[in-house]
Amino acid sequence: MAAKAPVILILGAGANIGSNVAKVFSSKGYKVALVSRTSKESENTAEQVNIQGDFSDPSSVADAFAKVKSLLGTPSVVVYNAASLTRSQPAAPLAISVADFTRDLNINTVSPFVAAQHAAQGFEELPESASKTFIFTGNILNTAVMPALFDLGVGKSATSHIVQMAATAYKDKGFKFYYTDERTEAGAPAAFGTPSGEAHAKHYLELSEGKTQGPWQQTFVKGIGITQSRALPVANSISHSNQRLNNRQLIQPIIVTGVKDGVSQENIPVRKEIRTIIENHAEFELLLLALQKFYAEPQTSETSYYGIASIHGRPFKAWNEVQQGKGSPQVGYCTHSDMLFLPWHRPYLALYEQFVCKHAADVVASFSDSDPRKPAFTDALQGLRIPYWDWAMDASLPYEVVGLKRIAVADPKVPNGKQMIDNPMYTYKFQGQNTDFPDAPYNEMRQTYRYPRQVNGSYESQPDPLNQALRAEGGNLKTRIYRLLTAYKDFELVGTSSSPRDNNEFLESFEGVHDTIHGITGTSGGQMNFLSYSAFEPVFWLHHANIDRLFAMWQGINPKAYRFRAESKSGTFAIPPNTIEDLNTNLFPFRQSVNTFFTSASVAKTGTFGYAYPETRDLETGKRNDGGGIMTAVNKLYGTQTPQGSLKAAGHTSGRKRTMQKKGLKSGKLNTTPSPEALGPFQKHIVDQVTDIYNEWTVNIKVNRAALGESFSIQVFLGDPSSIDPEAWNTDDNLVGSHAIFTDPGSKNGHIVSGAVPLTSALLNKIVDNELACLTPELVMPYLLKNLKIKVLAVGSGTRRVVKLEDVQDLMIQINTAEVTLPKSESEAPEWGKFHTRLDWIDVGCGKLTPTQRVD
Ligand SMILES: [Cu+2]
């Protein structure tokens with residue numbers, strides 16, 4: 001037969017949906033067959049036939065197929081649009097008669113089954129290019145229970161099962177089966193108001209034009225359609241309103257799965273350090289191309305980059321239908337200054353990874369089969385996971401992340417072709433005008449910036465000052481992380497900067513160190529410096545993957561210590577203030593299934609989301625279950641350049657021989673531990689030669705998180721900063737280290753947070769410089785009281801502002817020492833013994849007894 005016009009068969013041809021579908025398909029050149037009880041064959045035309053049929057008798061469906069085939073040909077699109085309902089008494093829905101129930105079930109399920117059956121038989125006969133689409137007009141009732149509509153719901157549920165099964169079973173043949181469900185923007189079922197015939201027709205045409213099976217369940221909104229990625233079609237189309245469906249009515253919300261590609265019994269792919277990924281060209285380019293696609297998704301989609309970033313803070317709207325808590329503040333979902341800080345970010349990163357890898361799969365699929373690079377990219381996809389940035393190992397950011405605005409990557413459309421793209425690691429550019437950001441300066445920034453400065457009224461990132469500031473903090477970061485991994489055994493201490501801290505000993509936390517990275521990368525008004533904006537910045541994800549890794553390593557070292565019970569002080573968008581939280585508290589808005597959320601307990605293993613880290617892979621796959629493997633890695637990565645590692649190694653070198661070499665061996669930065677060679681001549685004055693114990697020195701800090709109503713940095717110096725210009729303090733020679741407070745513009749979340757700045761490396765440098773003889777309190781305390789300076793810088797706005805200490809609410813410091821025994825082997829941690837308070841808590845802000853004023 002010569003090419004004929006395609007045929008659409010519409011079963012149940014009402015005045016609204018049926019006639020609109022007929023009109024739209026007819027305008028596209030289809031011949032139309034309409035079947036209903038009232039169709040009049042006398043009105044047939046050459047383009048449209050009307051067939052009489054009553055679907056309470058399923059055999060009428062077979063008759064209709066036979067007739068349309070003889071009159072117009074085999075239909076390539078079949079729409080089942082008939083429905084029947086016997087209303088029930090909500091209080092006694094089971095009271096309807098068997099006859100009514102049976103008739104309605106015939107119309108709602110048995111006849112659609114016969115239609116699907118005949119449609120599939122017909123599709124077998126059609127040429128490859130034919131549409132082969134079966135569409136069932138459904139509504140919300142396949143998942144929502146409404147007693148008055150009970151028998152219609154039975155029918156919709158059963159038929160949705162038929163559609164779902166057929167969509168899977170016939171996918172490879174190119175047959176498509178869909179269940180549609182129109183909603184209002186608020187997510188309410190449109191079918192119970194006035195379903196839009198036009199919207200159905202438009203959507204049905206799109207489905208018929210699709211080349212392959214999309215999600216079988218098609219929930220759509222008039223004028224919006226299914227706007228997000230077809231893999232997860234539902235929640236976004238109903239995300240624009242504050243009116244929400246309750247959870248029971250939700251269909252196919254976004255479930256956090258992570259990525260399972262490449263996971264087997266013996267292997268879990270690892271997230272790699274960003275510098276390792278950069279070395280593997282296929283992997284890095286795949287990541288860049290995937291991010292480029294991810295960034296291009298419309299910001300209105302909940303699974304776009306913007307949509308996922310906006311879970312963390314701005315624009316403070318419900319995501320994935322998870323409501324604002326009763327009495328919850330107007331903030332994002334992220335849990336900071338809160339015990340859920342570490343576990344919450346784990347499913348958050350897994351969600352991000354899930355979509356990065358989905359876009360990566362699309363990138364790989366877009367390579368032509370003849371492209372010789374395709375196998376390498378296919379390989380890279382198998383183990384692809386998001387990278388982490390190990391700033392404790394090397395605090396600077398690689399040039400490919402921080403310095404390149406444009407970057408060369410493969411062009412999948414041209415075999416062996418290359419293209420220049422905007423580097424997605426460098427910035428995220430917001431789409432169109434953004435009304436989601438009320439706070440200056442973010443309301444006027446059209447992209448994200450790091451350590452920005454203003455030039456002629458516009459912003460620009462400053463890669464070099466950023467890397468200099470990061471490197472200047474490097475020794476401090478390394479020591480802080482090494483302490484957390486080796487000395488801290490209690491999750492309530494490491495988990496958050498605001499845990500109950502009536503102790504004077506362990507005031508550090510992963511969150512506290514994390515804040516410092518936010519503070520530096522976001523210096524002078526970069527997005528990283530404020531909670532509500534930070535997740536839009538690409539470096540956020542690199543940074544948080546590292547925090548998650550350190551958390552996983554800590555869990556491996558302390559296998560039984562992951563438990564807590566504490567109060568959420570400020571609360572989040574979904575968690576009201578003063579909620580008691582423990583391992584079973586829901587990590588909103590991350591769903592584990594349609595109706596359940598992940599908890600700290602259920603995210604305990606990273607394998608749950610299909611990834612591990614180089615240091616924890618053996619633990620996740622069960623190859624070894626002692627913490628030893630991790631501790632060896634920790635010692636190697638960080639330990640060698642801490643006081644413990646360097647003093648240990650210095651004990652093995654023959655110090656005397658090296659005395660002459662000590663000049664030039666200094667690192668240059670006060671917080672970088674001097675090398676074993678430099679420490680060699682002094683080791684025996686510092687470390688007890690019998691017990692291997694030395695004094696580890698710390699400045700502990702407490703401060704009100706809302707002290708300045710913006711993010712700020714507390715900087716510790718030995719001696720005054722050499723420059724009067726605070727812009728230069730980040731890299732000042734006398735800087736020991738800084739502790740950042742990471743909060744929101746105008747934040748009133750006033751509770752006390754704490755942190756710790758290690759002093760030992762700086763003091764060791766002073767010993768090497770012959771300014772101090774050893775680490776005993778008799779010598780060190782007078783030195784500190786004379787030289788220790790605390791400075792506070794507000795870093796939120798465009799310029800760094802020095803704040804008078806008395807204007808910083810609740811700023812307290814304390815100095816202590818711990819008796820630390822050097823590690824005995826490469827696989828062991830140093831031992832932290834007795835603590836001694838050397839300067840008890842003083843209120844720095846009151847101006848009394850401040851170390852800067854007190855001279856002993
Ligand atoms: Cu963060």
Side-chain angles (χ1 to χ4, degrees), residues 8-22 33-39 50-61 64-65 77-88 90 93 96-119 133-164 166 177-184 188-201 203-204 207 216-220 222 249 251:
I8 179 170
L9 171 60
I10 305 170
L11 299 147
N16 186 17
I17 296 174
S19 70
N20 271 289
V21 171
L34 288 168
V35 186
S36 77
R37 265 182 308 177
T38 54
S39 286
N50 303 289
I51 300 165
Q52 228 245 320
D54 179 350
F55 303 121
S56 61
D57 173 9
S59 68
S60 71
V61 175
F65 267 90
V77 179
V78 175
V79 171
Y80 192 95
N81 197 36
S84 181
L85 163 71
T86 301
R87 276 195 181 269
S88 306
I96 64 169
S97 75
V98 175
D100 287 341
F101 184 82
T102 307
R103 185 199 56 236
D104 291 345
L105 193 65
N106 276 339
I107 295 171
N108 297 328
T109 296
V110 185
S111 285
F113 162 68
V114 180
Q117 194 176 47
H118 280 78
T133 310
F134 177 88
I135 302 170
F136 177 78
T137 305
N139 59 24
I140 197 171
L141 287 172
N142 66 325
T143 53
V145 174
M146 300 182 185
L149 311 179
F150 141 75
D151 87 335
L152 180 61
V154 170
K156 296 291 186 198
S157 305
T159 307
S160 79
H161 188 97
I162 295 170
V163 170
Q164 183 179 10
F177 291 84
Y178 293 107
Y179 178 98
T180 64
D181 171 11
E182 190 196 0
R183 302 288 187 88
T184 67
F192 307 143
T194 322
S196 163
E198 271 168 52
H200 276 84
H203 194 64
Y204 287 13
L207 292 176
W216 64 272
Q217 184 162 251
Q218 292 279 318
T219 301
F220 68 100
K222 180 185 177 181
Q249 292 176 326
I251 301 174

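Residues: numbered from 1 along the sequence shown.
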Around atom CD of Glu198, are there more than 12 heavy atoms from other residues, nucleotides or ligands closer than 6.0 Å? no
If we only count heavy atoms from C-beta on, is the Val21 to Asn81 side-chain gap below 4.5 Å? no
Close side-chain approach of Phe101 to Val154, heavy-atom, < 4.5 Å: yes
Distance-only, no hydrogens or angles: does the Thr133 side chain make a donor-acceptor pair with backbone N or O of Val77 under 3.5 Å? no
State whether the side chain of Gln52 and the backbone N or O of Arg37 hold a donor-acceptor pair below 3.5 Å, judged by distance alone. yes
Any luck finding a side-chain donor-acceptor pair between Ser39 and Ser36 under 3.5 Å? yes
Is there a donor-acceptor contact under 3.5 Å from the side chain of Glu182 to the main chain of His200? no
Taking only residues two or more places apart in sequence, or in another chain, which ones meet Phe65 in a ring pair (Phe, Tyr, Trp, His ring centres under 6.0 Å)? His118
Is any side-chain heavy atom of Ser160 closer than 4.5 Å to a side-chain heavy atom of Trp216? yes
With distance as the sole test, does Ser111 use its side chain to make a donor-acceptor pair with the main-chain N or O of Ile107 at under 3.5 Å? no
d(Ile10 CD1, Leu34 CG) to nearest 0.5 Å is 5.0 Å
For a 4.5 angstrom cut-off between non-hydrogen side-chain atoms, does Val79 reach Ile17? no
Restricting to non-hydrogen atoms, name the atom on Ala199 and the atom on Phe220 that form the minimum distance, rounded to 0.1 Å. O-CE1, 3.7 Å
With sequence neighbours left out, which residue pairs that include part of residues 100-110 fulfil the side chain to side chain donor-acceptor pair (under 3.5 Å) condition? Ser84-Asp104, Thr86-Arg103, Thr86-Asp104, Ser97-Asp100, Asp100-Arg103, Thr109-Thr159
With sequence neighbours left out, the residues meeting salt bridge (charged side-chain N to carboxylate O under 4.0 Å, His left out) with Asp57 are none
Can you tell me how far the CG atom of Leu152 sits from the CZ atom of Arg87, to the nearest 0.5 Å? 9.5 Å
Heavy-atom closest pair (Ala64 atom, Ile51 atom, distance to 0.1 Å) is O-CD1, 4.0 Å
Begin from the C-alpha positions of Gln217 and Asp181 and carry the test side-chain contact (heavy atoms from CB on, under 4.5 Å) through to its verdict. CA-CA 8 Å; Gln217 184 162 251; Asp181 171 11; 5.8 Å; no
Closest non-hydrogen atom pair between Tyr179 and Gly138, with its separation: CZ-CA, 3.6 Å
Derivation of the side-chain contact (heavy atoms from CB on, under 4.5 Å) call for Leu9 and Val35: CA-CA 8 Å; Leu9 171 60; Val35 186; 3.6 Å; yes
Between Thr137 and Tyr204: side-chain donor-acceptor atoms closer than 3.5 Å: yes
Is any side-chain heavy atom of Leu11 less than 4.5 Å from a side-chain heavy atom of Val78? yes
Should the pair Phe177 and Phe134 be assigned to parallel (<30°), tilted (30 to 60°) or perpendicular (>60°) ring geometry? tilted
Should Tyr80 and Phe113 be marked as a side-chain contact (heavy atoms from CB on, under 4.5 Å) after you check the CA-CA gap, both sets of side-chain angles, and the distance that decides it? CA-CA 10 Å; Tyr80 192 95; Phe113 162 68; over 6 Å; no
Do the non-hydrogen side-chain atoms of Ile140 and Met146 ever get within less than 4.5 Å of each other? yes
